[in-house]
Amino acid sequence: MHYQAILNQIADRVRHFQGRGKVADYIPALARVPADKFGMSLATVDGDCYSVGDAHENFSIQSISKVPSLMLAVGQIGGKLWERVGREPSGDPFNSLVQLEFENGIPRNPMINAGALVVTDCVLSNTRDAKQAILDFVRVFAGDKNIHYDSEVAASEMEHRFGNAALANYMKSRGNLANDIEDVLDVYFHQCSIAMSCRDLARMFLPLANKGVSPIANTRVLSEARTKRVNAVLLTCGLYDAVGNFAFRVGLPAKSGVGGGIVAIMPNEFSVAVWAPELEESGNSLVGTEALALLTTLTGKSIF
Ligand code: GLN
């Protein structure tokens with residue numbers, strides 16, 4: 001498969017979709033990212049990596065960080081996690097409060113904000129230094145020691161924390177958060193602030209394409225069974241209330257973030273990361289979705 005030629009072609013064709021979405025503007029550090037950035041990297045399980053455009057530039061991974069923290073928590077407490085968070089698509093916006101009250105403080109899934117706060121709470125309970133543990137996890141599996149938290153983004157998220165604080169407070173009132181709310185929010189906003197490139201992200205997600213083994217770090221991250229389950233959660237919950245459309249158009253398990261990144265998994269073959277900051281109404285990269293739709297069309301590879 002000529003992945004490099006395909007990526008070049010995609011970069012060319014997606015320009016046409018630019019100008020139709022809106023860059024995240026809830027914090028200044030995200031609002032000033034140039035809308036016309038575009039990068040894409042595809043890492044194969046055999047160790048090759050192909051990139052195009054701004055694929056080596058760092059951006060804010062935001063909700064993509066919900067995946068490494070889920071992998072960490074599942075590794076720490078296993079199936080017990082599912083007593084505190086569900087695994088059904090929410091059909092609601094990623095930061096919605098409505099469902100949480102009806103469902104007694106048990107979030108629908110770990111890919112919406114409420115669910116990610118529960119996962120972060122687990123990581124906090126099971127590690128001495130949760131912020132360091134998350135950063136180390138990302139660094140080791142991306143094979144890049146130069147990945148950092150963006151302290152400006154983390155501080156700004158904390159300053160504008162009220163929606164996430166409402167979710168955390170409600171869950172605390174229903175007994176579904178063990179740690180102090182401010183501590184959970186602090187770790188959660190730090191994980192969201194991690195700055196990484198498409199290349200780093202594609203490499204970090206390789207274990208999900210490789211039955212749980214990282215070809216970068218040469219170690220097993222998750223069992224084969226848990227890898228299958230994390231991919232199932234991505235397929236059904238990774239793009240919030242646009243997940244059905246994404247499965248229809250792209251056909252791969254994936255996770256998006258409001259920084260404009262999306263990472264998708266083709267089991268046994270590759271992981272692919274795309275970055276284009278303009279978002280559609282659900283908070284997913286508009287051009288990124290088009291790029292991944294083109295990828296599965298041009299390669300003929302999807303899970304369906
Ligand atoms: N930091 C953002 C928030 O918690 C992440 C949301 C996202 O990427 N969808 O609201």
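Counting starts at 1 for both ligands and their atoms, in listed order.
Counting heavy-atom neighbours within 6.0 Å of His2 NE2, excluding the residue itself, gives a total of 12 or less. Within a 6.0 Å radius of CD in Glu182, more than 12 heavy atoms belonging to other residues, nucleotides or ligands are found. For CZ of Phe304, the number of neighbouring non-hydrogen atoms (other residues, nucleotides, ligands) closer than 6.0 Å is greater than 12.
Residues Tyr3 and Phe270 bring their aromatic ring centres within 6.0 Å.
At a heavy-atom cutoff of 4.0 Å, ligand 1 is contacted by the side chain of Asn164 but not by its backbone. Under 4.0 Å from ligand 1, heavy atoms of Ser63 appear from its side chain as well as its backbone.
If you check which protein heavy atom lies closest to atom 4 (O) of ligand 1, you get Tyr188 OH, 2.8 Å. Of the protein's non-hydrogen atoms, Gln62 OE1, 2.6 Å is the one closest to atom 1 (N) of ligand 1. For atom 9 (N) of ligand 1, the closest heavy atom belonging to the protein is Tyr240 OH, 2.8 Å.
For the pair Lys66 and ligand 1, the shortest N or O to N or O distance does not fall below 3.5 Å. For a threshold of 3.5 Å applied to N or O pairs, the pair formed by Val258 and ligand 1 contains at least one separation below that value.
Below 4.0 Å from some heavy atom of Cys192 lie the following atoms of ligand 1, by number and element: 1 (N). Those atoms of ligand 1 with a heavy atom of Glu157 less than 4.0 angstrom away are 1 (N), 2 (C). Numbered from 1 in the order shown, with element, the atoms of ligand 1 that lie under 4.0 Å from a heavy atom of Tyr26 read 1 (N), 2 (C). Residue contact check: Gly257 has heavy atoms under 4.0 Å from atoms 8 (O) of ligand 1.
In summary, the side chains of Asn284 and Ser256 do present a donor paired with an acceptor at a separation below 3.5 Å, with no hydrogens or angles considered. Using modelled atom types and a 3.5 Å distance limit, the side chains of Glu157 and Tyr188 yield no donor-acceptor pair.
Judged by the shortest distance from any of its heavy atoms, Asn113 lies inside the 4.0 Å radius around the atoms of ligand 1.
Classified by interplanar angle (parallel below 30°, tilted 30° to 60°, perpendicular above 60°), the ring pair Phe94/Tyr240 is tilted.
Of all the heavy atoms in Ser60 and Cys192, the pair that sits closest is OG-O, 3.5 Å.
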